[in-house]
There are 2 protein chains.
Amino acid sequence: MATIDDVAKTAGVSASTVSYVLSGKRPISGPTRARVERAIEKLGYRPHAGARALASARTNVIALMAPLRVGVNVPVIMQFVTGVVTRARDFEHDVLLLTQDDVSGLDRVTGGSMVDALVMMDIEADDPRVPLVAAAKQPAVLVGLPEDPEGLSCVDLDFEAAGRLAVRHLAATGHTDVALIGSPPEVLRRHTSYAERLMRGLRSQAQASDVTVRVEACDSSPSGASQAVDTLLATAPDTTGIIVHNEGALPHVLSRLAERGIAVGTDMAVVAVCPKDVALAQRIPMTSIDLPAEDIGRVAVDMVMTRLDGDQPSETRLLAPVLTERESSTPGPAADG
Amino acid sequence: MATIDDVAKTAGVSASTVSYVLSGKRPISGPTRARVERAIEKLGYRPHAGARALASARTNVIALMAPLRVGVNVPVIMQFVTGVVTRARDFEHDVLLLTQDDVSGLDRVTGGSMVDALVMMDIEADDPRVPLVAAAKQPAVLVGLPEDPEGLSCVDLDFEAAGRLAVRHLAATGHTDVALIGSPPEVLRRHTSYAERLMRGLRSQAQASDVTVRVEACDSSPSGASQAVDTLLATAPDTTGIIVHNEGALPHVLSRLAERGIAVGTDMAVVAVCPKDVALAQRIPMTSIDLPAEDIGRVAVDMVMTRLDGDQPSETRLLAPVLTERESSTPGPAADG
DNA sequence: CTGAAAGCGCTAACAA
DNA sequence: TTGTTAGCGCTTTCAG
């Protein structure tokens with residue numbers, strides 16, 4: 001492999017000039033630049049990342065901690081990762097992938113100066129990684145909200161607003177008895193705050209709009225979904241609007257409703273909280289509040305990059321939810337008259 | 001951050017001794033080792049990755065090129081990535097994630113010595129990345145089979161054997177008219193060889209077992225799946241066994257069959273080629289040939305690690321398919337008598 | 001506008 | 001069993 005000295009030699013300049021041509025950190029005359037570039041081209045020169053990191057204290061790599069366990073949210077995670085990776089490239093950064101549970105990985109990449117910054121997905125209320133990352137010398141942004149973000153930056157969908165929005169939509173279309181089919185019990189137990197935030201929004205808007213909200217936890221399996229639907233219809237037969245916040249269960253919820261002869265869109269309004277493509281991949285195009293995973297990933301990278309140079313103060317960004325009406329929700333019973 | 005010299009100083013030894021304690025590349029006396037370890041602990045010392053890479057020409061990072069486009073195979077990809085990341089950790093390596101289409105990323109990480117090795121997913125028959133990676137100084141393993149693997153190592157499920165296995169299973173349970181509901185047309189156009197290999201196996205075994213096989217390409221959308229089912233039943237009404245090799249379409253295929261009053265498992269045997277968890281997440285537990293994505297990822301890492309030190313010759317490993325009988329397939333018509 | 005030279009923090013001969 | 005020392009390839013003062 002050619003080194004910077006090789007390039008310097010064949011261009012007839014000093015190594016530092018080559019370096020400055022590459023970094024643009026000082027003005028270079030046209031002819032000199034041209035000769036250097038020709039030499040680089042000719043030799044197929046690539047700066048050695050390790051040497052660069054050593055000399056400049058910059059790796060041009062960010063770490064991404066993602067929950068790689070198999071499960072419900074796989075599409076969301078993938079979209080998020082995609083957003084992070086593509087946006088990182090816009091800043092000339094690559095992405096080092098860590099699994100959520102590799103807590104020691106945090107220390108490794110951080111202390112070993114393997115990365116310039118960190119993005120951590122799927123933050124739980126009382127997440128053990130939060131204190132670790134707060135102590136790191138690299139900036140970090142969390143996706144999700146921990147109990148105490150003490151000086152850390154966070155991004156997420158504004159789930160509370162999403163909850164309000166969903167209820168407002170159903171209320172506006174005449175529904176007075178609505179229900180949430182939500183996350184699996186284990187998610188709730190883990191205190192991933194988004195579920196709680198959604199419910200808070202749901203409840204506050206329910207009160208404001210004078211509708212009742214029943215909440216049903218729901219396993220993502222076919223049987224879990226069927227059970228949730230059956231329980232709901234048994235205990236709250238007046239329900240005319242359902243909010244589903246569980247991608248894995250969504251198709252099965254719809255199947256179950258179909259099996260029971262309930263026509264989604266006419267007999268029952270259904271609003272999903274999920275990525276757009278998931279909403280569109282159902283048997284009926286779903287009215288949905290988009291979970292803009294890729295956007296969130298992009299924003300996370302933007303935030304972390306901002307913090308790379310200047311020491312911006314920490315901030316929390318909650319993206320405003322957007323509801324798109326599709327065939328699964330139509331004016332409800334009270335609006336019929 | 002503490003450096004190796006700091007550690008050496010507080011342990012009262014030389015830097016090289018610290019280095020050797022860490023690497024284990026030469027014997028160290030008990031007491032010395034103890035003092036060094038104490039110093040490391042006390043200072044919270046972490047070797048600087050860049051410095052290490054520069055001095056040793058090892059980064060302890062491997063690159064993984066994965067197709068991050070959204071689509072059908074998301075669960076498979078995630079499982080695969082998980083396999084790679086966790087196995088890499090067993091070899092003290094981290095994973096740098098590149099997107100499939102970032103072809104220049106290959107050059108960047110390779111030429112810049114950012115990684116020790118490469119794993120590339122989803123290789124197509126005439127993949128433009130193959131010559132690039134063949135020219136790299138780092139070893140690589142491909143997941144999938146290119147047209148010409150010229151000296152490169154590959155892993156994949158043995159799809160040809162899987163095709164044979166599926167047909168053999170259906171034939172053995174009495175079916176004589178079977179069909180494949182396969183990948184979307186665009187996948188076939190991309191010449192991802194697995195689809196072709198599966199069909200080859202299907203056809204050869206069909207001939208051997210004296211059964212007919214009809215092939216239906218199938219878009220992964222609900223409507224695409226319905227259409228495939230409808231076309232199939234219209235043009236080949238005698239079909240009693242279906243092989244589905246399209247995870248995204250699978251639930252919709254099953255729904256469509258249900259809608260048409262065809263009972264999967266009794267009226268129609270269905271064999272899926274998909275990950276186990278997908279097979280189990282359907283309305284009926286599916287007889288399936290497992291797509292062991294996580295295993296493949298693990299094997300890919302094993303192979304690439306082997307090639308890191310000694311220059312092992314290149315090899316291609318095709319994992320033997322395993323069929324698990326579940327409720328979606330039962331003895332067919334001919335076996336009834 | 002360009003060069004010379006001093007490190008960045010580590011590894012691995014070479015010496016003892 | 002341990003220490004000394006010469007780089008690894010780059011960035012960035014400092015000088016001109």
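In what follows, every chain begins at residue 1, and chains take the letters A, B, ... in the order their sequences are listed. Note that these values count all heavy atoms, side chains included, but never hydrogens, waters or copies made by symmetry.
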Does B/Arg108 pair with B/Asp102 as a salt bridge, N-O distance under 4.0 Å?
yes

Distance in angstrom units between [X] [atom1] and [N] [atom2], rounded:
| X | N | atom1 | atom2 | answer |
| --- | --- | --- | --- | --- |
| B/Arg35 | D/dG3 | CZ | P | 8 Å |
| A/Lys9 | C/dT2 | NZ | P | 19 Å |
| B/Lys25 | C/dA12 | NZ | P | 4 Å |

Find which nucleotide of DNA chain D each of A/Thr17 and A/Gly50 is nearest to by heavy atoms, and output the residue with the more 5' nucleotide.
A/Gly50

Quick check on DNA chain D: between B/Ala51 and B/Pro31, whose nearest nucleotide comes earlier from the 5' end?
B/Pro31

Between D/dG3, D/dT11, C/dT11, which nucleotide has the shortest distance from any of its atoms to the side chain of B/Ala55?
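Closest nucleotide to the B/Ala55 side chain: C/dT11.
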
Which one, D/dT4, C/dC8, C/dC10, comes nearest to the side chain of B/Ser14?
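Ranking D/dT4, C/dC8, C/dC10 by closest atom to the B/Ser14 side chain puts D/dT4 first.
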
[N] base / [X] side chain donor-acceptor hit below 3.5 Å:
| X | N | value |
| --- | --- | --- |
| A/Ser23 | D/dT11 | no |
| B/Arg26 | D/dT1 | no |
| A/Arg52 | D/dT11 | no |

If you measure from [atom1] on [X] to [atom2] on [Y], what distance do you get to the nearest 0.5 Å?
| X | Y | atom1 | atom2 | value |
| --- | --- | --- | --- | --- |
| A/Gln138 | A/Ser113 | CD | OG | 6.0 Å |
| B/Leu98 | B/Thr110 | CG | OG1 | 9.0 Å |
| A/Leu43 | A/Ile4 | CG | CD1 | 12.0 Å |

For [X], report the nucleic acid contact type (base, sugar-phosphate, nothing); a contact means any heavy atom under 4.0 Å.
| X | answer |
| --- | --- |
| B/Ser16 | base |
| A/Val18 | nothing |
| A/Arg46 | sugar-phosphate |

If the cut-off is 4.0 Å, is A/Ser56 near the phosphate of D/dT11, judged by side-chain N/O to OP1 or OP2?
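Result: no.
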
